[in-house]
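Note that the structure is predicted; figures quoted are calculated from it, not measured. Quick note on labels: first sequence line is chain A, next is B, and so on, each numbered from 1.
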Protein chains: 2
Amino acid sequence: MSQSRKPGIDYGILTELIGYALRRAQVHMYQDFFRATAAFDIRPAQFAVLTVIERNPGLKQSEVAAALGIKRTNFVGLLDALESRGLAERRAARDRRSYALYLTAEGEALMRKLRPVLKAHEEHLLAGLGDEGRRQLIALLRRVTGEAEPDGGAPRSRLRLVKDARPPRAGSAGT
Amino acid sequence: MSQSRKPGIDYGILTELIGYALRRAQVHMYQDFFRATAAFDIRPAQFAVLTVIERNPGLKQSEVAAALGIKRTNFVGLLDALESRGLAERRAARDRRSYALYLTAEGEALMRKLRPVLKAHEEHLLAGLGDEGRRQLIALLRRVTGEAEPDGGAPRSRLRLVKDARPPRAGSAGT
DNA sequence: GCGAAATCGTTACGTTCAATAACAATTTGC
DNA sequence: GCAAATTGTTATTGAACGTAACGATTTCGC
């Protein structure tokens with residue numbers, strides 16, 4: 001678990017592979033997520049589900065699952081847990097094959113408490129990067145997954161580097 | 001699996017959380033890893049183990065496991081697989097409780113073939129970032145896990161940003 | 001309309017990954 | 001020399017993720 005790089009070990013090409021650095025960083029943040037949310041007993045996937053339901057009330061299960069890249073078969077148990085904890089609920093939909101998903105009042109209250117906790121957890125863990133470092137990191141990560149920048153981008157210098165700066169590539173983060 | 005962001009869905013705070021972007025990027029690279037190495041039937045953890053053994057021949061199991069943040073109980077099966085494929089071997093060590101680990105000739109040959117494949121896989125997937133973008137990304141990721149820069153750093157501008165650049169923080173990547 | 005095909009949620013199942021507990025063999029410390 | 005620690009191992013558990021199949025319902029082609 002604690003996979004800090006051990007001194008005296010030669011990691012060879014692993015030091016150059018971004019995939020490896022990515023995995024390590026992800027494990028690191030994952031662990032700190034649990035540390036930060038220990039009082040709430042919530043997992044990252046559960047938080048993501050609650051967020052999507054909260055912001056898009058009335059979606060059906062398969063839509064929420066698809067939005068998060070979760071197989072709908074695996075989503076069943078995930079939602080069962082949230083529903084039995086009284087955080088989300090399945091309501092009857094027009095299409096009687098499906099359910100429309102909503103947060104309960106309790107679910108919304110939890111999210112109001114959880115959001116600042118998670119923001120603080122990230123600030124805590126990423127303090128060393130600085131504001132611009134954080135912006136850079138998230139922009140780079142989005143490029144890795146081939147996403148465009150979310151609209152909300154202020155027109156401030158967004159990914160300009162001191163040297164080797166590249167014009168935005170066709171088909172990716174455009175204007 | 002294919003967790004591209006769906007249009008028409010409001011992801012709320014998830015768009016701001018680096019942990020979420022990190023997980024998505026990691027899944028993305030993980031999948032491309034398998035695509036790139038399909039002909040070799042090797043998994044990321046196996047590659048990491050082979051790398052550490054190759055660069056540090058003679059280490060004992062617990063040392064390799066610790067270097068990669070793997071529990072030694074889980075390392076047993078991992079190494080069993082590599083050994084039964086003839087890629088690595090356990091040799092008797094002075095301390096008769098332990099084994100000294102080495103690559104076989106076949107293991108070394110595989111690594112010679114695998115390294116360029118993985119470099120190409122990363123270049124392919126990260127082409128959109130540019131050289132400086134890749135350097136930046138790996139530097140930022142290392143900071144997330146609280147590591148110092150590996151020595152090999154050329155004195156070229158290493159993490160300077162156009163604005164909001166911060167002096168290197170005490171205890172992290174100092175010059 | 002009506003029957004075939006698709007969609008939706010669900011169950012059952014298998015695989016992989018990571019964690020804990022316990023144990024035998026061996027080495028180390030006092 | 002004997003208690004304590006280390007090393008590799010097994011057994012077992014739980015979580016995460018995938019596939020196959022099914023019943024209920026809706027949609028599509030005609």
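- The existence of a salt bridge linking B:Glu122 and B:Lys119 is excluded, since no basic side-chain nitrogen approaches an acidic carboxylate oxygen closer than 4.0 Å.
- Look at B:Glu123 and B:Arg134 and you find a salt bridge, because one of the NZ, NE, NH1 or NH2 atoms lies within 4.0 Å of a carboxylate O, short of that distance.
- A heavy atom lying under 4.0 Å from DNA chain C marks the following residues of residues 40-59 of chain B, by number: B:Arg43.
- One finds a salt bridge joining A:Glu54 and A:Arg115 here, because a Lys/Arg side-chain nitrogen approaches an Asp/Glu carboxylate oxygen to under 4.0 Å.
- Atoms CD (A:Gln31) and C1' (C:dA19) sit 12 Å apart, rounded to a whole Å.
- Judged by the 6.0 Å distance and 45° axis criteria, B:Arg55 is not positioned over the aromatic ring of A:Tyr11.
- Ring planes of B:Phe34 and B:Tyr30: perpendicular class, angle over 60° (limits at 30 and 60°).
- The line from CG of A:Leu14 to CD1 of A:Ile9 is 11.5 Å long, rounded to the nearest 0.5 Å.
- Atom CZ of B:Phe33 has more than 12 heavy atoms from other residues, nucleotides or ligands within 6.0 Å.
- Between the side chain of A:Arg72 and the main chain of A:Val64, no donor-acceptor pair closer than 3.5 Å is present.
- Ionic pairing of A:Glu83 and A:Arg85 is not present here: no N-O contact between side-chain nitrogen and carboxylate oxygen is shorter than 4.0 angstrom.
- Note: CZ (B:Arg72) to P (D:dT10) measures 13 Å, nearest angstrom.
- For the contact set between residues 90-103 of chain B and DNA chain D, defined by any heavy atom under 4.0 Å, the members are B:Arg90, B:Arg97, B:Ser98, B:Tyr99.
- Direction of the helix axis in the helix from C:dG1-D:dC30 to C:dC30-D:dG1 shifts by 30° between the two five-pair termini, rounded to 10°.
- Residues B:Met111 and B:Leu87 are not in side-chain contact: their nearest non-hydrogen atoms beyond the backbone lie 4.5 Å or more apart.
- When the side-chain nitrogen and oxygen atoms of B:Thr73 are compared with OP1 and OP2 of C:dA19, none of them lie within a distance under 4.0 Å.
- The distance from atom CD1 of A:Ile70 to atom C1' of C:dG9 is 15 Å, rounded to the nearest whole Å.
- The distance from atom CG of A:Leu79 to atom C1' of C:dT10 is 12 Å, rounded to the nearest whole Å.
- The shortest side-chain heavy-atom distance between A:Lys113 and A:Phe40 falls under the 4.5 Å cut-off.
- Comparing D:dT9, C:dA12, D:dC17 by their nearest atom to the side chain of A:Asn74 picks out D:dC17.
- In terms of phosphate contacts, A:Lys71 brings a side-chain nitrogen or oxygen within less than 4.0 Å of OP1 or OP2 of D:dT19.
- For the pair A:Lys60 NZ and C:dG9 P, the computed distance is 7 Å after rounding to whole Å.
- Applying the 4.0 Å criterion to OP1 and OP2 of D:dT9, one finds that B:Gln61 has a side-chain N or O inside that range.
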